[in-house]
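Below: one structure, written as structure tokens.
Protein chains get the first letters and strands the later ones, always in sequence-line order, with residue 1 at the start of each. Side chains are part of it too, since the values below use all heavy atoms of this structure and drop only hydrogens, waters and symmetry mates.
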Amino acid sequence: TNIFERRAEARNPFYRVVELTDTTVDPAVWGKNFPIHYDLYNNTVDMTRTRYGGSEAIPRQPTELDPRDVVAASRLVEDPRLREFWAGYAFAEDFREERGHAYMFIDQVFTERQQVVQQPGTCLHCHASVYTVYMKAGDGDLIAGFDRVNRMKYQDAAALAQHPVSCIDCHNPATMELRITRPGFMEGMRALKASQGVDGYDVNRDATRAEMRTYVCGQCHVEYYFKGPEKRLTYPWAKGLTVDSIMAYYDEVGFRDWTHAVSGAPTLKAQHPEFEMFSQGIHARSGVACADCHMPYLRVGAMKVSDHWVRSPMLNVNNACQTCHKQSEDELQARVSNIQDRTYEMRNIAIDATLDLTRAIGAAVRADSTNPRIAAARQYQRKAQFYTDFVEAENSMGFHADQESVRILGNAVNFARLGMATLYGARVPDRPALVPPPPQTVTPHPERGGGATRERR
Amino acid sequence: TNIFERRAEARNPFYRVVELTDTTVDPAVWGKNFPIHYDLYNNTVDMTRTRYGGSEAIPRQPTELDPRDVVAASRLVEDPRLREFWAGYAFAEDFREERGHAYMFIDQVFTERQQVVQQPGTCLHCHASVYTVYMKAGDGDLIAGFDRVNRMKYQDAAALAQHPVSCIDCHNPATMELRITRPGFMEGMRALKASQGVDGYDVNRDATRAEMRTYVCGQCHVEYYFKGPEKRLTYPWAKGLTVDSIMAYYDEVGFRDWTHAVSGAPTLKAQHPEFEMFSQGIHARSGVACADCHMPYLRVGAMKVSDHWVRSPMLNVNNACQTCHKQSEDELQARVSNIQDRTYEMRNIAIDATLDLTRAIGAAVRADSTNPRIAAARQYQRKAQFYTDFVEAENSMGFHADQESVRILGNAVNFARLGMATLYGARVPDRPALVPPPPQTVTPHPERGGGATRERR
Amino acid sequence: MTKGQRIAAAAAVLIGTAAGLGAFTFVYAKGYSYLTTDPAACANCHIMDEHYSAWLKSSHRNVAGCNDCHTPHDLVGKYATKAKNGFWHSFYFTTGNFPYPLRITGGNKEIVEGACRSCHEGITSAMNHGGVIAPPGMEVQPAREEIACTHCHEYVGHWVR
Ligand SMILES: [Ca+2]
Ligand SMILES: [Ca+2]
């Protein structure tokens with residue numbers, strides 16, 4: 001496109017070819033008004049590995065139950081310990097690397113986790129373009145629709161959806177402004193804000209644009225559980241976003257995902273807590289949003305657009321990082337690897353530590369199931385396992401919050417240690433935890449600069 | 001100072017009043033040529049606490065043995081567990097917060113660690129202006145002088161020195177260029193560089209000016225030990241600067257600082273490894289030097305000088321941090337506290353874990369000293385204690401390398417765990433450690449940009 | 001002299017000296033150059049040296065001088081800002097008590113953000129919700145706050161580090 005086209009492009013970037021309404025679910029229709037965004041959005045079919053992220057295309061023999069001819073690599077093959085780690089739960093059957101948004105719907109429909117147990121319609125909340133599905137099911141009442149679909153069998157709910165997450169799930173069709181369409185996130189944020197003393201928080205009304213550039217991703221990249229018989233999708237944020245607050249919440253409501261097959265412990269499954277982990281990192285503290293790194297600006301012709309090919313930033317270092325960091329691509333990739341190697345080392349130690357405790361409890365139960373120490377040891381396994389799983393499930397391998405990720409794993413190893421000590425009857429002395437010192441009250445000294453001499457004592 | 005002075009100052013900053021030679025040890029003489037630097041340098045007498053750093057002036061009743069009327073707070077009072085942690089070693093008698101450079105000489109002379117054991121002259125290497133002392137003792141041969149002073153009794157060596165670290169210890173008197181005067185650092189760096197395939201490294205010849213702005217501090221803020229009967233000050237860097245490499249070095253040379261009084265374990269004492277820890281952090285990776293934060297530029301009139309009042313950057317946030325970070329002073333202080341709180345939490349867990357193992361070994365020895373598992377358990381305590389002490393002794397409470405500090409403490413807790421398991425006879429399965437995945441070979445995809453549509457699989 | 005005359009005389013002396021002193025500072029500190037758009041004018045003060053040398057190596061050296069970013073592009077706004085900043089600059093310069101390293105403050109930051117948008121109107125036109133003009137009758141919510149250019153392009157004018 002030459003200069004004239006560039007100049008023209010600049011003035012009214014997008015012609016309105018079609019009328020977009022609150023029921024236009026098909027992204028291809030939106031693509032008529034925003035062809036560049038639609039093309040980029042379609043690229044999420046691409047599968048390329050990075051060191052710890054991305055996804056590898058694994059060819060597969062289509063079967064009657066699962067017609068997919070390409071899938072992402074299995075995490076259970078990559079680390080066989082995970083089968084024992086989740087013994088007795090669906091994740092021990094089939095758990096794969098995540099891949100592009102284009103696959104989210106078919107990957108959920110055909111995962112073996114659908115065969116081992118009857119999943120509820122709730123799963124659809126994060127795996128398809130469900131805004132229109134909920135609105136229709138609730139006759140225009142999003143929350144009522146959400147509640148109705150949750151209670152359905154997954155297969156029935158899935159029949160109502162056609163597309164993976166698409167434009168209408170993040171954008172207001174009239175103004176293209178970002179908006180939250182997921183009830184799970186709306187209610188999760190309301191509970192979180194209430195715990196911070198802000199009542200009646202409405203994310204679509206109260207969030208700033210910078211926050212929205214993170215919140216649209218937080219709709220799905222979060223820890224969750226299904227609450228009560230109505231299988232209501234709930235984000236466990238009522239006490240805060242740290243793993244410690246989430247653990248306290250689960251203990252308070254007495255929730256378990258399953259009873260561990262090896263140890264009988266009341267165990268929790270953590271799932272992709274990117275939003276929670278990211279919130280503890282230096283980037284979040286500096287106001288950097290998910291979209292800054294995962295949907296950075298891309299120059300196309302005379303315009304800058306947000307790159308809707310959502311993928312690992314390590315496949316897009318130039319645009320994702322180098323606007324803010326002047327180091328070379330190799331150096332930035334080395335920094336990410338450095339952080340991830342440390343997390344990976346501690347993640348492996350924490351899984352070993354938790355499995356050692358799990359096996360020891362199993363042995364103790366077999367030896368004498370009335371042993372009074374078993375109950376306490378199982379509680380330590382519950383904690384060690386959830387803290388370890390919180391980092392294992394998080395998909396940036398520590399990058400989103402490097403020190404926090406390793407602190408969580410250090411605590412997990414300590415819970416495993418205390419569990420073993422309890423099992424062996426070693427007195428676990430409860431020491432009063434040392435309280436951190438008070439904040440620095442002294443205001444820094446005014447510059448002394450030249451002149452202020454002091455005789456040396 | 002008004003405009004006229006400012007303009008004049010800018011033209012020729014320093015007048016040469018006295019002739020400085022290689023034997024001018026008294027900083028006051030250098031102060032004649034550089035009054036501003038000398039005044040700033042003298043401010044290190046000031047004692048102000050920060051949350052985790054700085055120093056608090058504790059009044060003291062002078063005694064015959066120790067005439068000091070003000071000392072820094074005792075770390076053993078602040079955390080009584082440390083007495084048991086170092087049971088059987090001098091640090092269990094007297095270990096205080098460190099304070100300004102002005103006190104380094106008197107603090108060493110009068111510490112109770114001098115009363116409990118006869119210390120060698122080697123200690124002087126980092127606690128006084130010893131460049132001229134070594135040159136005189138070696139008749140102009142620095143290394144020979146260093147060797148001779150090492151072998152002397154501390155009291156005799158101390159009699160040869162008068163000043164704490166002063167200008168001549170960091171500056172070439174003729175050119176004011178930075179230079180290394182400490183043999184310990186020269187030989188330590190030569191061993192480190194040799195392990196990286198660079199032979200015959202001479203730090204004064206080969207280091208860049210940017211590196212020197214870190215190396216001048218690395219002369220003393222390092223882990224060390226006294227090698228052999230000649231008590232030669234040695235920095236354990238022959239295998240690298242990480243705690244893992246230093247541990248491997250000590251194991252290879254079979255060194256122990258003392259035999260732990262409670263458990264009989266061959267234990268190591270880590271001392272102020274600021275240089276080693278800092279080398280693993282993001283600032284070092286970004287070419288930031290110690291002097292950038294601890295001796296930042298200070299505007300005096302129209303001139304900019306390096307602030308020779310070496311102190312905690314938290315007492316100088318505007319100059320120390322805001323050249324590179326736009327956040328407010330409160331925000332920067334909160335970031336440092338955030339990092340330090342996480343390290344402090346894990347440090348306390350690691351000390352508890354190590355002490356639990358130490359006590360369990362002690363009990364096992366009392367029960368049956370021939371128990372074959374004791375030896376292996378003691379080796380685990382040696383590792384758990386050194387990894388914990390490495391972070392406890394480091395004076396930035398994790399700030400210099402936030403993820404690395406917590407990784408080290410996580411490993412320490414795991415060593416303690418494995419020690420207990422060994423003691424209980426629980427089979428410690430040696431699992432092949434999972435090797436991190438290969439580096440990302442794929443080069444990031446060229447931008448697909450508009451146009452590249454793919455049918456969705 | 002009557003009381004009134006005495007006050008008037010005192011006032012005249014005061015204003016005279018102030019003007020004289022101001023003029024002298026103006027000349028000595030080459031204040032007149034301040035009114036020009038030549039970036040070197042800013043570098044008369046050493047406090048601006050680092051920004052000037054960093055700017056010389058920046059991507060905007062040939063396309064935008066200090067005042068292209070630091071004063072509004074409309075004529076009135078430009079000289080009003082010059083006057084305001086001119087006063088505060090000389091005030092702080094003589095008194096010397098301001099936090100170093102320098103921090104841009106409120107009003108001046110908005111001016112810079114506005115400058116980016118005026119020159120880069122084209123390339124950033126899609127950034128605010130795709131530059132969508134709502135169909136008639138549909139009230140467009142205000143585009144919430146603009147995303148700040150300096151959020152990502154903080155060092156585009158001068159990388160002073
Ligand atoms: Ca969960
Ligand atoms: Ca040592």
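- Considering only heavy-atom pairs separated by less than 4.5 Å from chain B, the leading option among A:Arg342, A:Gln280, A:His325 is A:Arg342.
- Neither the backbone nor the side chain of A:Thr44 comes within less than 4.5 Å of any heavy atom in chain B.
- Contact annotation for A:Ser405: neither backbone nor side-chain heavy atoms come within less than 4.5 Å of a heavy atom of chain B.
- Of all the listed residues (B:Gln327, B:Glu331, B:Met420), the one sharing the greatest number of non-hydrogen pairs under 4.5 Å with chain A is B:Glu331.
- Looking only at distances, no side-chain donor or acceptor of A:Glu392 sits under 3.5 Å from a matching main-chain atom of A:Arg347.
- Contact of A:Gln340 with chain B is not made at all, since no heavy-atom distance falls under 4.5 Å.
- Comment: B:Asp46 does not engage B:Arg311 in a salt bridge, judged by the lack of any side-chain N to carboxylate O separation of less than 4.0 angstrom.
- In the model, B:Ser286 has a side-chain atom that pairs as donor or acceptor with a side-chain atom of A:Arg335 under 3.5 Å.
- A donor-acceptor distance shorter than 3.5 angstrom exists from the side chain of A:Tyr103 to the backbone of A:Val45, with no hydrogens or angles considered.
- Looking only at distances, no side-chain donor or acceptor of A:Asp402 sits under 3.5 Å from a matching main-chain atom of A:Gly398.
- At a 4.5 Å heavy-atom cutoff, the contact between A:Asn411 and chain B is made by backbone and side-chain atoms alike.
- Listed options A:Glu78, A:Arg68, A:Arg285 were ranked by heavy-atom pairs under 4.5 angstrom with chain B; first place goes to A:Arg285.
- Neither the backbone nor the side chain of A:Ala363 comes within less than 4.5 Å of any heavy atom of chain B.
- Contact of B:Ala360 with chain A is not made at all, since no heavy-atom distance falls under 4.5 Å.
- With hydrogens and angles disregarded, a donor-acceptor distance shorter than 3.5 Å links the side chain of B:Arg49 to the backbone of B:Arg51.
- Contact count against chain A (heavy-atom pairs under 4.5 Å) is highest for B:Ala353 among B:Ala412, B:Gly410, B:Ala353.
- With A:Gln403 contributing its side chain and B:Val406 its backbone, the two residues share no donor-acceptor pair below 3.5 Å.
- One finds a salt bridge joining A:Arg407 and A:Asp244 here, because a Lys/Arg side-chain nitrogen approaches an Asp/Glu carboxylate oxygen to under 4.0 Å.
- When each of A:Asp341, A:Val305, A:Ile282 is scored by its heavy-atom pairs under 4.5 Å with chain B, the top score falls to A:Ile282.
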